[in-house]
Amino acid sequence: MARSAYSVYRRLNGLFTVYKPPKVSWKLVRDIVETNLLKDLNSLEQRAPRHQVRFLPAATEGTNGVQITRVATAVPVLADHALVKGESCSHLKVGAGHRLDVRSSGVFVLGVGQGNQLLTDMYSSHCTRDYTVSGLFGKATEDFSDTGKVIEKTTYSHITRDKFERILAMIQGSNQKALLMHTHMDLRSQEAYELAVEGRLRPMVKSPPIILRIRCLDLSPPHFTLEIECMHETQQFLRKIVHEIGLELRSSAVCTKVRRIRDGPFTVDGALLRTHWDLQSISQAISENRGQAAELMKTTISNLDQQNQYSEPQTTEREEEFQQ
């Protein structure tokens with residue numbers, strides 16, 4: 001590639017976010033981005049073909065008439081011809097961050113080049129994510145979504161704002177207990193107290209899905225909208241939460257929309273729409289996200305050090321019986 005194309009290629013190292021629309025798989029989004037990047041890279045100015053010196057026959061007029069002599073001539077190397085060598089850039093690895101299923105939408109983090117290593121670090125950071133989840137009272141389905149097979153229909157006129165808020169508080173309280181259980185820290189230590197005050201008390205190992213915060217954004221029966229901050233979740237888990245809320249309210253509910261608005265330090269405001277999945281926009285997004293990626297890694301290292309330094313020693317069942 002020419003120097004300009006090569007410099008652009010070298011800058012493609014980092015993380016960026018795109019907005020994944022619903023009814024589209026995350027694999028298709030990644031493949032479209034990868035194809036667009038390769039297409040734009042190959043459309044840039046390519047390196048000029050090399051030249052080699054060849055002694056080519058040439059006719060010259062001499063005293064004895066026309067004579068054939070060999071003349072040193074610079075000719076292009078055929079191996080560098082575009083029809084021979086093919087495209088200059090034929091492979092570019094684009095990695096995917098925390099995935100979204102087909103029915104979900106929102107922030108989708110991708111990495112290119114050295115950004116694939118940052119994605120691995122991002123998984124290790126056990127960062128939290130925010131979602132807006134919409135639901136509908138009055139029916140239940142097999143897969144907890146509004147498009148699934150209906151298995152039950154119920155009334156919802158008895159549901160009030162107070163009852164709804166009480167159920168949300170109960171869900172958040174039970175998940176707070178699960179958070180403390182999976183943190184594996186000495187909760188009596190000063191360090192654990194400071195992490196809890198700063199809101200950075202997190203499980204540093206894989207744990208079941210945990211809801212850190214849940215609140216109601218809108219309640220206009222039968223429709224409602226929630227904002228959920230969670231970790232180690234799946235979108236199907238969030239749909240099941242909507243189903244369980246309906247059961248706790250002596251009714252039923254299905255999930256109509258799951259939209260991720262934050263993934264760690266990356267928010268929906270910086271996510272690229274489908275019309276901006278091109279080389280120029282992605283290069284600019286990578287540059288803008290370098291500070292966020294660096295802060296994420298710094299926080300990850302700090303959290304891991306503190307969790308490892310002040311973790312509680314694990315006791316066996318026999319030791320617990322002896323202590324009792």
Side-chain angles (χ1 to χ4, degrees), residues 1-50 80-83 85-100 102 104-125 127-130 259-301:
M1 289 184 289
R3 183 177 180 83
S4 59
Y6 180 74
S7 61
V8 172
Y9 179 79
R10 289 294 301 272
R11 287 200 298 269
L12 287 177
N13 286 296
L15 301 177
F16 62 98
T17 59
V18 299
Y19 188 88
K20 177 199 165 301
K23 300 181 181 180
V24 177
S25 69
W26 67 268
K27 290 184 179 180
L28 180 59
V29 172
R30 182 196 60 187
D31 292 344
I32 291 175
V33 170
E34 183 176 317
T35 301
N36 290 351
L37 287 176
L38 289 174
K39 180 180 178 181
D40 291 346
L41 283 172
N42 288 313
S43 66
L44 297 176
E45 181 184 0
Q46 304 298 316
R47 185 185 67 182
R50 296 171 296 172
D80 290 345
H81 196 280
L83 296 179
K85 70 176 184 178
E87 296 179 340
S88 299
C89 186
S90 60
H91 178 70
L92 182 67
K93 183 178 180 181
V94 177
H98 299 109
R99 300 166 184 173
L100 288 166
V102 175
S104 305
S105 62
V107 179
F108 185 37
V109 182
L110 297 174
V112 62
Q114 296 178 358
N116 289 284
Q117 179 60 42
L118 295 177
L119 287 176
T120 303
D121 296 336
M122 188 174 179
Y123 276 112
S124 303
S125 68
C127 58
T128 63
R129 288 170 287 279
D130 289 348
R259 180 172 179 259
R260 184 157 65 197
I261 58 177
R262 182 183 65 83
D263 188 355
F266 303 99
T267 63
V268 69
D269 296 332
L272 300 176
L273 299 179
R274 174 67 180 85
T275 55
H276 293 89
W277 295 355
D278 54 71
L279 178 60
Q280 181 178 357
S281 300
I282 291 175
S283 298
Q284 182 178 355
I286 289 175
S287 300
E288 294 174 352
N289 289 331
R290 292 193 191 280
Q292 293 171 309
E295 183 64 26
L296 174 65
M297 297 307 105
K298 181 179 178 181
T299 303
T300 301
I301 295 173

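In this chain, residues are counted from 1 in sequence order. Given the structure is predicted, the values throughout are model-derived calculations rather than measurements.
- Across S105 and P21, no two heavy atoms sit closer than the pair CB-C, 4.1 Å.
- To the nearest 0.5 Å, the span separating CG on D278 from NZ on K39 amounts to 11.0 Å.
- Closest approach of F108 to R99, counting heavy atoms only: CE1-CA, 4.1 Å.
- By the 4.5 Å heavy-atom criterion applied to side chains, L110 and I282 are not counted as neighbours.
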Atom pairs and distances, side-chain donor-acceptor, residues 12-19, under 3.5 Å, sequence neighbours left out:
residue : atom : partner : partner atom : Å
N13     : OD1  : Q114    : N            : 2.8
N13     : ND2  : R10     : O            : 2.6
T17     : OG1  : G270    : O            : 3.2
Y19     : OH   : R259    : NE           : 2.9

Problem set entry | V24/I32 under side-chain contact (heavy atoms from CB on, under 4.5 Å): CA gap, chis, key distance, verdict | CA-CA 11 Å; V24 177; I32 291 175; 5.8 Å; no
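- Note that the NE2 atom of H98 and the CE atom of M122 stand 5.5 Å from one another [nearest 0.5 Å].
- Side-chain atoms of R262 come within 3.5 Å of backbone N or O of T128 as a donor-acceptor pair.
- Closest approach of Y123 and G97 over heavy atoms only: OH-O, 2.9 Å.
- Summarising the geometry, atom CG belonging to D121 is positioned 11.5 Å from atom CG belonging to N116; distances are rounded to the nearest 0.5 Å.
- Annotation: the span from I286 atom CD1 to S281 atom OG amounts to 11.0 Å, rounded to 0.5 Å.
- Here the CG atom belonging to L92 is positioned 11.5 Å from the CG atom belonging to N36, to the nearest 0.5 angstrom.
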Problem set entry | Intermediate values then yes/no, side-chain contact (heavy atoms from CB on, under 4.5 Å), R129 and V107 | CA-CA 10 Å; R129 288 170 287 279; V107 179; over 6 Å; no
Exercise. Between C127 and D263, does a side-chain contact (heavy atoms from CB on, under 4.5 Å) hold up when you go through it step by step?
Worked result: CA-CA 7 Å; C127 58; D263 188 355; 3.9 Å; yes
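- Distance check: S25 OG to K20 NZ gives 7.5 Å after rounding to the nearest 0.5 Å.
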